[in-house]
There are 2 protein chains.
Amino acid sequence: MFTLSEENYLKAIYHLESDSKKGISTNAIAKSLETKASSVTDMVKKLSEKEVVLYKKYQGVTLTEFGKKTAANIVRKHRLWEVFLVEKLNFSWDEVHDVAEQLEHIKSPKLINQLDALLGFPTHDPHGDPIPDKEGNVNIVDKILLSTLNKGESGVCVGVNDSSSEFLRFLDKKKITLGKIITVLEKEDFDDSLSIEIDGEKLSISKKIANNLYIKK
Amino acid sequence: MFTLSEENYLKAIYHLESDSKKGISTNAIAKSLETKASSVTDMVKKLSEKEVVLYKKYQGVTLTEFGKKTAANIVRKHRLWEVFLVEKLNFSWDEVHDVAEQLEHIKSPKLINQLDALLGFPTHDPHGDPIPDKEGNVNIVDKILLSTLNKGESGVCVGVNDSSSEFLRFLDKKKITLGKIITVLEKEDFDDSLSIEIDGEKLSISKKIANNLYIKK
DNA sequence: CAATATTTTTAGACTTGTCTAAAAATTTAT
DNA sequence: ATAAATTTTTAGACAAGTCTAAAAATATTG
Ligand SMILES: [Mn+2]
Ligand SMILES: [Mn+2]
Ligand SMILES: [Mn+2]
Ligand SMILES: [Mn+2]
């Protein structure tokens with residue numbers, strides 16, 4: 001069994017690994033958990049003893065298979081709870097994360113299996129992120145950033161890169177939601193802004209927005 | 001805000017107060033939390049600083065109004081989660097307590113309000129215990145122990161005194177569930193056992209069982 | 001009421017997880 | 001390739017929550 005703190009470290013390392021593929025540095029973990037590098041060194045030693053990470057001084061850490069599975073299970077719980085909050089309790093997608101951060105640590109296999117069933121075995125969370133299965137496997141989909149689409153191309157909005165409340169509420173205001181079809185009408189050269197069509201409406205979108213929306217062609 | 005440990009102490013004191021009405025002794029709290037009296041003394045000082053209990057050395061503790069409200073809110077969450085587990089996730093009534101012990105500490109007013117609504121604003125948990133309202137008020141019902149019924153009397157089974165898994169599974173086996181009507185056919189003098197009728201069936205019940213079932217006439 | 005038993009508190013220690021400051025290793029730049 | 005900058009680790013401290021052992025207060029009882 002892992003403590004709340006250990007679980008949070010595992011999850012942070014898991015997310016960092018999926019980005020970088022190299023050994024994860026003490027500093028990167030510290031930044032992502034808003035803690036100090038010295039605290040990370042201490043914890044990483046403990047996780048290494050528990051055989052969830054490989055650690056050699058000054059070399060960063062990597063998750064073991066066991067560590068990966070453990071972390072994926074926490075992510076699975078986090079995302080299932082997010083679906084629950086949106087689908088069953090009328091939360092909006094910008095309200096779920098903090099509560100899910102708490103709920104993901106509840107220990108009960110039956111609870112999470114039944115929740116999965118209640119929700120109809122969802123494959124993605126409200127932000128378009130995939131829900132790992134019980135073995136920790138994730139179905140990786142070839143989604144691309146809206147900013148990489150060329151003029152005239154279109155695709156379905158399937159996820160967000162930034163899932164901060166601010167960004168999500170901005171999307172709500174612009175009526176940009178997952179599942180909608182977006183067509184690039186124009187790409188402005190001087191500021192990389194886009195003119196897009198969504199719901200039959202024309203909309204202007206900054207580079208920053210386009211860099212945070214995932215599309216599936 | 002209160003830590004997990006502080007919340008557990010508050011809840012324990014709350015339950016002990018509802019039984020005894022006097023100042024709650026260090027020892028009683030220690031027993032109920034399976035900890036040591038010296039640990040209780042330490043914590044009780046902290047709770048006193050936070051103004052949730054009144055404490056004078058060697059005199060035991062009492063909850064303040066604020067403490068009572070805080071504790072009732074934790075109990076409210078515990079019982080709502082128990083209802084959720086039974087009604088929505090197909091848990092049986094002997095499986096819910098340990099998970100609810102974890103879920104009761106999740107901090108999100110919106111979560112608990114929406115959960116309440118999803119469940120149709122239940123008034124009692126799966127064991128027949130009342131769910132405090134948002135202000136911490138509890139509707140006390142005049143339920144009595146089955147053992148206090150006289151020969152010939154009958155009533156509805158509305159709760160359990162012992163909610164251990166063992167007892168609850170025993171009741172399941174005997175098909176004794178909340179809401180059923182029980183009639184006392186006979187009271188044996190030499191061992192205080194009862195002969196009862198339930199579902200049109202005749203059943204023999206020991207004194208111990210009769211002392212752990214609540215009836216409403 | 002005084003002796004004894006029990007309860008409660010205190011004192012000091014330990015674990016977990018964190019921090020700051022300083023030392024050591026590694027990386028980057030001149 | 002040295003020197004400087006950065007990253008990482010170590011050393012020592014602290015808060016929360018717990019424990020054991022001993023002291024102090026309270027309760028029981030002959
Ligand atoms: Mn999230
Ligand atoms: Mn998410
Ligand atoms: Mn319970
Ligand atoms: Mn209950």
Side-chain angles (χ1 to χ4, degrees), chain A residues 1-14 16-17 19-63 67 70-71 74 101-102 104-105 107, chain B residues 1-14 16-17 19-63 67 70-71 74 101-102 104-105 107:
Chain A
M1 258 324 113
F2 296 92
T3 66
L4 187 133
S5 205
E6 288 168 345
E7 289 193 346
N8 283 333
Y9 274 90
L10 280 175
K11 193 163 53 105
I13 297 165
Y14 178 84
L16 289 166
E17 265 193 358
D19 296 344
S20 58
K21 294 290 171 199
K22 318 264 160 171
I24 306 304
S25 76
T26 305
N27 250 5
I29 299 169
K31 190 165 295 177
S32 121
L33 289 174
E34 299 181 73
T35 182
K36 296 295 147 91
S38 55
S39 307
V40 175
T41 303
D42 289 345
M43 180 57 90
V44 141
K45 285 175 183 167
K46 221 194 315 174
L47 292 175
S48 170
E49 297 246 303
K50 289 198 168 189
E51 316 221 289
V52 280
V53 302
L54 297 175
Y55 167 64
K56 281 220 285 273
K57 271 189 196 179
Y58 298 100
Q59 308 280 112
V61 294
T62 349
L63 290 173
T70 307
I74 302 164
E101 286 288 304
Q102 299 178 62
E104 72 190 4
H105 302 289
K107 273 134 189 115
Chain B
M1 258 325 112
F2 296 92
T3 66
L4 187 133
S5 205
E6 287 168 345
E7 290 194 346
N8 284 332
Y9 274 90
L10 280 175
K11 194 163 52 103
I13 298 166
Y14 178 85
L16 289 166
E17 265 193 358
D19 295 345
S20 57
K21 294 288 171 199
K22 318 261 159 175
I24 306 305
S25 76
T26 304
N27 250 5
I29 299 169
K31 190 166 295 175
S32 122
L33 289 174
E34 299 182 79
T35 182
K36 296 294 146 90
S38 54
S39 308
V40 175
T41 303
D42 289 345
M43 180 58 89
V44 141
K45 285 176 183 168
K46 222 195 312 174
L47 293 175
S48 170
E49 298 246 304
K50 289 199 170 188
E51 317 221 287
V52 281
V53 302
L54 297 175
Y55 168 64
K56 281 220 286 275
K57 272 191 196 179
Y58 299 100
Q59 310 279 115
V61 294
T62 350
L63 291 173
T70 306
I74 302 164
E101 285 287 306
Q102 300 177 61
E104 72 190 3
H105 302 289
K107 273 137 189 109

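We name chains A, B, ... by the order of the sequence lines, and we start the count at 1 in each one.
Among the heavy atoms of the strands lying under 4.0 Å from A:T41 is at least one base atom, whether or not backbone atoms are also near.
Rounded to whole Å, the distance from CE on B:M43 to P on D:dA15 is 16 Å. Atom C1' of nucleotide D:dT8 and atom CD1 of A:I24 are separated by 15 Å, given to the nearest angstrom. Nucleotide C:dT16 holds its C1' atom 10 Å from the CG atom of A:D42, rounded to whole Å. The NZ-P distance, from A:K31 to D:dT6, rounds to 12 Å in whole Å. Put simply, NZ on A:K22 is 13 Å from P on C:dT27, counting in whole angstrom units. In this structure, B:L4 atom CG and D:dT18 atom P are separated by 9 Å, rounded to whole Å. Rounded to whole Å, atom C1' of D:dA16 lies 18 Å from atom CE of B:M1. Counting to the nearest Å, the P atom of D:dT18 and the CD atom of B:E6 are 10 Å from each other.
Going from atom OG of A:S39 over to atom OH of A:Y9 covers 5.0 Å, rounded to the nearest 0.5 Å. Rounding to the nearest 0.5 Å places CG of A:N8 at 11.0 Å from OG1 of A:T35. Distance NZ/B:K107 to CE/B:M1: 7.0 Å, rounded to 0.5 Å.
With distances taken from any side-chain atom of A:K57 to the nucleotides D:dT18, D:dT9, C:dT8, the minimum falls on D:dT9.
Heavy-atom contacts from other residues, nucleotides or ligands closer than 6.0 Å to NZ of B:K31 number 12 or fewer.
Taking each heavy atom of B:A30 and B:K36 in turn, the nearest pair found is CB-C, 3.9 Å.
Put simply, B:Y58 has no side-chain N or O that comes within less than 4.0 Å of OP1 or OP2 on C:dT10. A:N27 has no side-chain polar atom (N or O) that falls below the 4.0 Å cut-off from OP1 or OP2 of D:dT6. Contact annotation: B:Y55 reaches the phosphate of C:dT9 (side-chain N/O to OP1 or OP2, under 4.0 Å).
Salt-bridge annotation for B:E17 and B:K22: absent, with no side-chain N of the basic residue lying under 4.0 Å from a carboxylate O of the acidic one.
Residues B:T26 and A:T3 both approach DNA chain C. Their nearest nucleotides, taken by heavy-atom distance, put B:T26 toward the 5′ side. For A:S5 and A:Q59, each mapped to the nucleotide of DNA chain C holding its nearest heavy atom, the one lying further toward the 5' end belongs to A:S5.
Partners of B:E104 according to the side chain to side chain donor-acceptor pair (under 3.5 Å) rule, which considers only residues two or more places apart in sequence or in another chain, are B:K11, B:H78.
Residues of residues 32-39 of chain B that place a heavy atom closer than 4.0 Å to DNA chain C, in numerical order, are B:A37, B:S38.
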